[in-house]
Amino acid sequence: MTLRFKRLLRACALGLALAAPAASHAAWPEKPITLIVPWAAGGSTDILARVLSEGLTQSLGQSVIVENRSGASGNIGTTFVARAKPDGYTLLVGSMSTHTMNQALYSNMPFDGVKDFTPIAELALVTNTMVVHPSVPASNLKEFIAYLKAHPDTVTYASAGQGSTNHLSAALFEKAAGVKMTHIPYRGGAPAVLDTVAGRTQVLFSAGTQTLPHVQTHKLKLLAVTEESRSPFLPDVPTVAETLPGYELSVWYGAFGPAGMPPELTARLNREINLILKRPDVIKKMADMGVLLTETTPEQFSQILARDADKYGKLIKELGITAE
């Protein structure tokens, strides 16, 4: 065997070795994909996940199956994905609460919301509203703040539980306005809404998907939204920041995989997801629920994730909020 022939064999072997991983990723997906939703079926997160499931099934040529693994404020389903193989066959629709808040709320977290995941795409922003019971003698935020200052510790606000986004929104409002309310935590968002509608609590910060139907029937009064800018769905409704500069709390949903997913799989999923989110029927379906679809690259979503984990982690510790 000549030296030239030996060199040729080594070059061929090296080429095959380098090509093998690319070929294996190029074949993805070769089996069904599981899309975990860490909350119960029926909510806006679950509905969005099922829209993605249907679209990805069509575009990828493999079944994408939604699996609800609820419990522990989203930690059960999210932990399952954090511990899965980073091969693109186990994905997650998570939220800012699971990935930027829970780390600061729980003392023994089974995952790190930033380090243990591959950010694929931010999916949507949910219009977060501030509503009061009609018995509250205020028609705007300035009047409500004046009422709170004149009646300290007499107004109650509901939440979906200790450490929930409802709780954080209200605590941040108290700090910004220099007022004090009494927190009444419930076991979930539905009973918190119902008791506010019934007048057993007076204030609620919650997604428009839960509050706006009651606003339309005049069972609740809408005072503001909590995002930095006015909602395109509610252009006449002011932000809290228009009265209390610097106040901002945005609730987002995002698609994740376990940490260490191959960049080419992440990029492909990002492209396919963004195409689904641009479909007019999908935009309308989610808009009817007060959900604004977004478009990001994995890098942009990674920056959003890191920024909010730092922001809300510091805020939660500063306010002394825990979920335990």
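Below, each value reflects all heavy atoms present in this structure, side chains not excepted, and no hydrogens, waters or symmetry copies.
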Gap separating the CD atom of Glu122 from the CG atom of Leu277, nearest 0.5 angstrom | 10.0 Å
Under 3.5 Å, which donor-acceptor pairs do the side chains of residues 282-292 form with other protein atoms, sequence neighbours left out?
residue: Lys284; atom: NZ; partner: Asp288; partner atom: OD2; Å: 3.0

Over 12 non-hydrogen atoms of neighbours within 6.0 angstrom of CD in Glu67 = yes
Below 4.5 Å, heavy atoms only, C-beta onward: do Val197 and His133 meet side chain to side chain?
-> no
Is any side-chain heavy atom of Gln202 less than 4.5 Å from a side-chain heavy atom of Thr196?
-> no
Per-pair distances, 0.1 Å, donor-acceptor, side chain in residues 77-85, under 3.5 Å, sequence neighbours excluded:
residue: Thr78; atom: OG1; partner: Gly74; partner atom: O; Å: 2.6
residue: Thr79; atom: OG1; partner: Asn75; partner atom: O; Å: 2.6

Pairwise side-chain contact, Ile304 with Thr296, heavy-atom cut-off 4.5 Å (strictly under) = yes
Check whether more than 12 heavy atoms from other residues, nucleotides or ligands sit under 6.0 Å from atom NZ of Lys221, and answer yes or no.
-> yes
What do the steps show when you test Ser95 against Thr45 for side-chain contact (heavy atoms from CB on, under 4.5 Å), and what is the final call?
-> CA-CA 8 Å; Ser95 76; Thr45 321; 5.9 Å; no
Any sub-3.5 Å donor-acceptor pair from Ser164's side-chain atoms to Ser159's backbone N or O?
-> no
Is His99 reaching over with its side chain to a backbone N or O of Gly113, donor-acceptor style, under 3.5 angstrom?
-> yes
Could you list all the ring pair (Phe, Tyr, Trp, His ring centres under 6.0 Å) pairs where at least one residue sits in residues 193-235, not counting sequence neighbours?
-> Phe173-Phe205
Under the side chain to side chain donor-acceptor pair (under 3.5 Å) test, which residues partner Thr165, sequence neighbours left out?
-> none
Expected output: side-chain Asn102 to main-chain Leu105 donor-acceptor under 3.5 Å | no
Can you list every ring pair (Phe, Tyr, Trp, His ring centres under 6.0 Å) pair that touches residues 270-314, not counting sequence neighbours?
-> Trp252-Phe301, Phe256-Phe301
CD1 of Ile120 to OG1 of Thr297, rounded to nearest 0.5 Å, is 12.5 Å
Once you round to the nearest 0.5 Å, how far does CE of Met109 lie from OG1 of Thr98?
-> 8.5 Å
When rounded to the nearest 0.5 Å, the distance separating NZ of Lys314 from NZ of Lys311 is 12.0 Å
Can you list every ring pair (Phe, Tyr, Trp, His ring centres under 6.0 Å) pair that touches residues 181-202, not counting sequence neighbours?
-> Tyr157-His183, His167-His183
For residues Pro298 and Pro119, determine if any side-chain heavy atom of one lies less than 4.5 Å from a side-chain heavy atom of the other.
-> no
Are any non-hydrogen side-chain atoms of Pro32 and Gln62 less than 4.5 angstrom apart?
-> yes
Rounding to 0.5 Å, atoms CE (Met130) and OH (Tyr247) come to a distance of 7.5 Å
